[in-house]
Every structure is written in C-alpha cells, then in structure tokens.
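Taking it in order: structure first as structure tokens, then the write-up.
These numbers come from the heavy atoms of this one structure, side chains and all, not from hydrogens, waters or symmetry mates. Model, not experiment: these values are computed from the prediction.
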Amino acid sequence: MVFERKQKRRNLDGVDALDRISQLPEHIIHHILFLMPHKDAARTTVLSKSWKQVWNSLPRYDFTFCDRTYYDNSPAHFEKKIEKFVRSVDEDLLPLREHKTRIQIVQQFRLRMTLCHHKYASRIDNWIELADRNLMESLYLELTSMNKVGRYVLPKTTFFVESLAELTLKGCKVLRKYFGDDMIKSIYLRKLTLERVDVHYLTITKILHCCPLLEEFTQSNCCVKAKRVHINYAPKLKKAKLYGVKKIKIEAPNLEELYCRGDPGRLDSDSFACNNVKKLKISMFETSKLFEDLNSKFPLLETLDLQFYDSKLKISSDRLKSLSLLSPNKQLPMLQVDCANLHYFEYNCSAIPSSFSITSCFLLKIENTLRLDSHLDTFRFITLRQYLRNFMQHQTLTLWFIPNCTISFTPEELRKDLPIPPIATVEHLELGNVPLMQDYTALLDGLLWSCHPKVLLIRADSESKEFVNFLSETLVIREEEPKCCGDSHMKCWRHYLKAVKSEPHLDGMEYVKECTWDM
C-alpha cells in the first residue's frame, strides 16, 4: 500500500507534471504561443499530436483587397473613392486589432490599389505591420502611383518576418540602404517576385544572398538600375524568371528552370554556373556560340526554348529532348541541330532555313510555323520542300500569310539538273490569313508540290472564303488520269492525289480530311 502511494506520487511529479501545459485551456495555450518567438511557436507542432491540433486550431485569415477605382478626371471624386476603399480595409482588419494578446495566422495578404496621395503610404505601413505581427505567410502588393506621388517604400522589417515565405512586390520601391555590406541577418523567403520595382541590382544581389531558403525568384521589368542580375549565392534556388534585363550572371548549383528575356541583352559562356538546369527559355538575347556544346554548360538540360537572331545557329546536346526555335529574322538562317535524343522539335520563324541538318533517332513530333513575307516564288517552294524532307514523319506545318502577299509557282523553272528531294508527308497543314487573289492556282500547286498533307485546314475568315471554295472544287472535281503534265519529268500533285474526304465548316474552320496520296 505504501509502495503504490509512492509510485502514484512519482507519476504526478514526473511524467504527468511534464505535460500539464497540454491540459490548459486552449485560449491560454494560444496566449503562450503568442508570447513565444514565432519560429519557436511553429516548432511546437512536432511535440505531439495534441500540440499540432492546437496549432491547427489557431485563427487563420486570408485577406484580399482590390481597388477597382478608375480615375474619372475629377481628383476630388477619385480621392473620395480611394478613402472609402481604405476605410473598408481598416474594417476588415478589425479581427487582428481586437485580439492583440493571442497568436493568429495571416495565410495571405493581398493588396492592389492606386496611390493618389502620400498620406496613404502610412496606412499601408500599418496594415502590413499588423499582418506581420500575426504570422503572415504570404504578402502581395501591387501599387500604382499617380503623378507627383512617389512609389510606396516597403518597410525594411517586412523582409525579415520569420513566418513570411512568399513576397510579391509590384510598383513599389526598395531602398538600397536597407541592405548594407555589413548586414548578415537571414531572410526566410521561399518565393520572391519583383515586378516594376524601383531597386538597384546590387540590392537585389544582397537580398538574394540573405535568402538561403529561396526556391523561386522572378524579376520583371524593374527600373534601369536593375537591368543587371547577379545571383552569386542561392543554394536552394530551383526556378528563376528574369524579364527585361541586359546582363546576367547566375551561380546556382540546384537551379532546374531558368527563363530569361532581354531588353535586349547579350549572354556569354560565363553568364551561367548552374549545371543542374533541366528547362531553359531564352529570348531577346544575343547568344553567340553559347549552345554549340550544351553538354558542358548544361549537362542535364532536357528542354530548350530559344528565340534567336543569328544567321547561323548550332545546337549540340546529348540529353536534350525538346527544342523550340523562334526567330523574327527574315534572313534565311543556317541551322545545325545535333541532338541524338531529341523527341520534340518546333520551328516558328519568318524564314525557311537555307541550310538545315538535324541528327536525332527519336523524333516523335515536329511542329513548323512559317510567317511568309511579301513574296513566295518557285525558289521558296523548293526551299520549303527541301526543309520538310528532313522529317520523314510526325510533322505539322502552319503557314501564315501577310496582307498583299504575292505568290508565283512556275513548273518550267524546275530543271532536270536541279536537285529536287523526294516529297515529304505532312500530318497536318494549316493555312491562315490567305490573301484575296484572282487566281489561287499557283498557291495550291506550290503547296501540294512542296508536301503531301494528310489533313488540310484553312482558317475561314472573310478573305479566305474564295480560296476555300476554289480548294473544294479543285480537289474534289479532278480527272482520274490527269494529262496536265504530259511528258514532263516533274509531275504535279494531281497525279498523286487518290482520294479526298471533306467536311463543312467547324469552329470557324474548313477541313479537308483524309487526303490519300500515291507515293
């Protein structure tokens, strides 16, 4: 009996005593969490299931404030509307003000408004400070400043809120003095977006250097002082999007996705030190010889989306699986693609390559889009046929015509000594913006001499209706044994087309399907 009494006392003094806090009322536990540092309070979730339940029972808020007030040439009337919007924000934030002694979680705070007066900057400061005190996890600020009203300056303390994982700033300003060379304090962001922000590129470099946990970074069309980007410390960065920049230098060992759009700019071989990139998109940059050996620069690269301007381009990679090429250049480019494991190839340009070679054993899909200039003649049709012959199967072709485009195709120019490759089969041929012409014979003869489409699609706008009618009549009503070419060594498409099944308009388009060809 004495032994049982001592054992019971030992339980009261030992294990039970250690867990007395868990037996307290929930509102008291909430207050205890409030008095703790935010980082330590969040860690209590790993103590036990009961503590995790307490954390999940904390009040959570998701605030979204969007000012849809439009300026109506009356400053007084406009400011009155803004003042009404500001009061509505204050009212919605009352729950945070009323419970100052308990911990609350602001999962998301989104604010979009127009600054028409300096006085509203302090109100925004108060809102953000209020959210900061309540474990804010995500902050989105999109602010438009009217004339003579400076950009909103984000408080320095916001960057260092331990609970803040995602920060998006649009139309704001970040002061350079916030991040001096002697600053060593950590920023706990996982995702950072800067769009139209007035900030110096050295400040961005310092911010990123203080973000050891950052996984995603976006910089878009910031001020002139931010046209350079230098990321020299980003151990966990996995995704970066850089728009409107001129010069880039990135050192990120774990970066997997990179998107760059210049202003325009130039990329050199020393612009990147990120060997783990798997997806790369680059536009409006001079790339020089950056892609001639992707194996050494981007050994794990699988997807490349490139807008190029050079007249010569060589791409070599052992791992690349998807390649998209876009060029507004009207000069005939020379392309060499040496990618043995390429599965997908897209070519979207204004000119047919004058010289093209591709090395790949696994191509499953090829998409070609050409925006034709003012004249398409026999020579251009020959070049098109030569280009399409590089792909034996699985390819599509889309042709867009500009207004007043002239087209000519003269079979007599196809001399016997002219090297003409065998014709290629195209799974899908689409024509858009077909111009109004008196006679469409040259267009149809040139196209069907260049390739044999299994499916022919015409976008039926107001100008192309005449071509649609011509096409239907010409393809359907034809001789079974054409005599048009006589003894010519080069027969036209009429000798190879065996059957056509057409359909009426569908979703604003005209289909001519199941073209059967005799090869």
Side-chain angles (χ1 to χ4, degrees), residues 346-352 366-385 387-388 391 394-411 423-485 491-519:
E346 178 186 10
Y347 181 78
N348 189 334
C349 300
S350 300
I352 307 168
I366 303 100
E367 295 184 351
N368 299 297
T369 301
L370 297 173
R371 292 169 174 79
L372 302 175
D373 56 15
S374 57
H375 186 59
L376 186 62
D377 56 12
T378 305
F379 173 76
R380 298 290 296 280
F381 281 116
I382 294 174
T383 307
L384 177 60
R385 178 165 172 156
Y387 169 73
L388 295 176
F391 313 102
H394 309 305
Q395 67 174 321
T396 64
L397 174 62
T398 301
L399 298 177
W400 290 94
F401 300 86
I402 66 170
N404 303 319
C405 179
T406 60
I407 299 173
S408 64
F409 180 73
T410 308
I423 195 165
T425 299
V426 174
E427 300 290 335
H428 184 280
L429 172 60
E430 179 179 345
L431 305 178
N433 297 337
V434 177
L436 188 63
M437 300 180 184
Q438 292 183 349
D439 187 1
Y440 293 98
T441 303
L443 173 58
L444 184 60
D445 287 352
L447 286 176
L448 298 187
W449 179 85
S450 303
C451 65
H452 285 170
K454 293 182 179 179
V455 176
L456 181 59
L457 181 151
I458 298 91
R459 293 190 175 275
D461 52 28
S462 57
E463 290 191 355
S464 64
K465 288 183 179 179
E466 293 293 331
F467 176 65
V468 170
N469 295 332
F470 168 82
L471 189 67
S472 300
E473 294 176 1
T474 306
L475 293 182
V476 176
I477 306 174
R478 66 187 189 283
E479 297 178 346
E480 292 186 4
E481 297 182 2
K483 302 177 182 179
C484 51
C485 298
K491 303 295 184 181
C492 71
W493 59 269
R494 295 170 182 83
H495 296 266
Y496 302 98
L497 185 62
K498 295 303 179 183
V500 176
K501 181 181 178 181
S502 60
E503 286 190 358
H505 291 282
L506 179 63
D507 294 335
M509 299 179 181
E510 173 77 14
Y511 285 85
V512 180
K513 302 200 322 181
E514 298 180 10
C515 295
T516 305
W517 301 87
D518 184 6
M519 302 306 292

How long is the gap from CG on L370 to OG on S350, to the nearest 0.5 Å? 8.5 Å
Which value, rounded to the nearest 0.5 Å, describes the distance between L457 atom CG and T398 atom OG1? 8.5 Å
Please round to the nearest 0.5 Å and tell me the distance separating atom CG of L429 and atom CG of L447. 6.0 Å
L456 CG to L397 CG distance, which is reported to the nearest 0.5 Å: 10.5 Å
Would you please name every residue forming a side-chain hydrogen bond (donor to acceptor under 3.5 Å, both in side chains) with R371, sequence neighbours left out? N348
Heavy-atom pair with the smallest gap, counting every atom of F401 and P435: CB-CD, 3.7 Å
Going by the rule salt bridge (charged side-chain N to carboxylate O under 4.0 Å, His left out), which residues pair with R494 if we only count those two or more places apart in sequence or in a different chain? D445
For W517, which of T425, L448, I423 qualifies under side chain to side chain contact (heavy atoms under 4.5 Å, CB included)? L448
Residue list, side-chain hydrogen bond (donor to acceptor under 3.5 Å, both in side chains) with T441, at least two apart or on another chain: D439
Spacing of CG belonging to L372 relative to CG belonging to L431, to within rounding of 0.5 Å: 9.5 Å
With E367 via salt bridge (charged side-chain N to carboxylate O under 4.0 Å, His left out) - residues at least two apart: K365
Rounded to the nearest 0.5 Å, what separation is found between the CD1 atom of I382 and the CH2 atom of W449? 5.0 Å
Can you name the side-chain hydrogen bond (donor to acceptor under 3.5 Å, both in side chains) partners of T378, sequence neighbours left out? E413
Taken in chain and number order and not counting sequence neighbours, the residues that satisfy ring-ring contact (aromatic ring centres under 6.0 Å, His included) with Y440 are F467, F470
Partner residues of H495 under the side-chain contact (heavy atoms from CB on, under 4.5 Å) criterion, sequence neighbours left out: P482, C484, C485, K491, C492
With sequence neighbours left out, write down each residue that passes side-chain contact (heavy atoms from CB on, under 4.5 Å) with T406, or none if nothing qualifies. H375
Taking all atoms of both residues into account, what is the closest heavy-atom pair of C515 and P453, and its distance? CB-O, 3.3 Å
With Y347 via side-chain hydrogen bond (donor to acceptor under 3.5 Å, both in side chains) - residues at least two apart: none
Only pairs at least two apart or in different chains count here, so list each salt bridge (charged side-chain N to carboxylate O under 4.0 Å, His left out) that has a residue in residues 398-407. none
Are the side chain of Q395 and the backbone of L388 linked by a donor-acceptor contact shorter than 3.5 Å? yes
